[in-house]
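Counting starts at 1 for both ligands and their atoms, following the listed order. Hydrogens, waters and symmetry mates play no part in the numbers below; they use all other heavy atoms, side chains included. Remember, it's a predicted structure, so these values are computed and weren't measured experimentally.
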Amino acid sequence: MRHTARNFENLIGKVQGLSERQLRAHFGLYEGYVKKINEIEDRLTLADPMTANYSYGEISELRRRQPVAYNGAYLHELYFENLTGPSSGGPSDDLRRLITADFRTLDRWWDDVKAGLVSAPGWVLLTRSRRDGTLRNDVVEEHHRGVLVDQDILMALDGWEHAYMIDYGTAKADYIEILRNAVDWDCVHRRLERSMRMDHAVAEPAA
Ligand SMILES: [Fe+2]
């Protein structure tokens, strides 16, 4: 399948705290991942399976880097999708109930998000388990490492330096503060509904 970069220009001038220059630079980086996943997958169609080797082999290198470009592209789409202009007014009742069940209060949940973003240069993902419906904040230090199985991503927050350096320099804490108000909770709620509809997909009958 060919991967196509989506246009997120609708965000320009709407996300309070992120300038046009910052957003355009970030869009360019995202488009680079889309280009790279197509390049890797094109080369995989030609690579000789006999070159597979743990130490080095063309097909092995392509396979090892494929998830980097793939997740690099699609984590960015999840991030741009869940940014918004004017605040959507906070989490829905369902989200509030699930977040407080697992984190006690919304503020404690956000403190956990902040801790994750400060702890690593990569992503923090709010995810929902299709095994038991619980929510987690997962730290994904690189695009391809840390995404747990059976987790649906409800919210993606980009903590890489390229996401904020133009606007905030090294003041990552200031960027994290604006993120909380930039979350499109309607988008997060739609993802929750989709995740709940998919529960049956992983339910196996008892042996
Ligand atoms: Fe990014």
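A ring-centre distance under 6.0 Å is not found for His76 and Phe8. In summary, the aromatic rings of His26 and Tyr79 are positioned with their centroids under 6.0 Å apart.
Of the inter-residue distances, the one linking Leu78 atom CG with Leu125 atom CG reads 8.0 Å to the nearest 0.5 angstrom.
Residues satisfying the salt bridge (charged side-chain N to carboxylate O under 4.0 Å, His left out) criterion with Arg104, sequence neighbours excluded, are absent altogether.
Only protein N, O or S atoms were scored, and 4 of them lie under 2.8 Å from the Fe ion (ligand 1).
Salt-bridge formation is detected for the pair Arg97/Asp94: a Lys NZ or Arg NE/NH1/NH2 atom is positioned less than 4.0 Å from an Asp or Glu carboxylate oxygen. Salt bridge annotation for Asp112-Arg136: absent, with no cationic side-chain nitrogen under 4.0 angstrom from a carboxylate oxygen.
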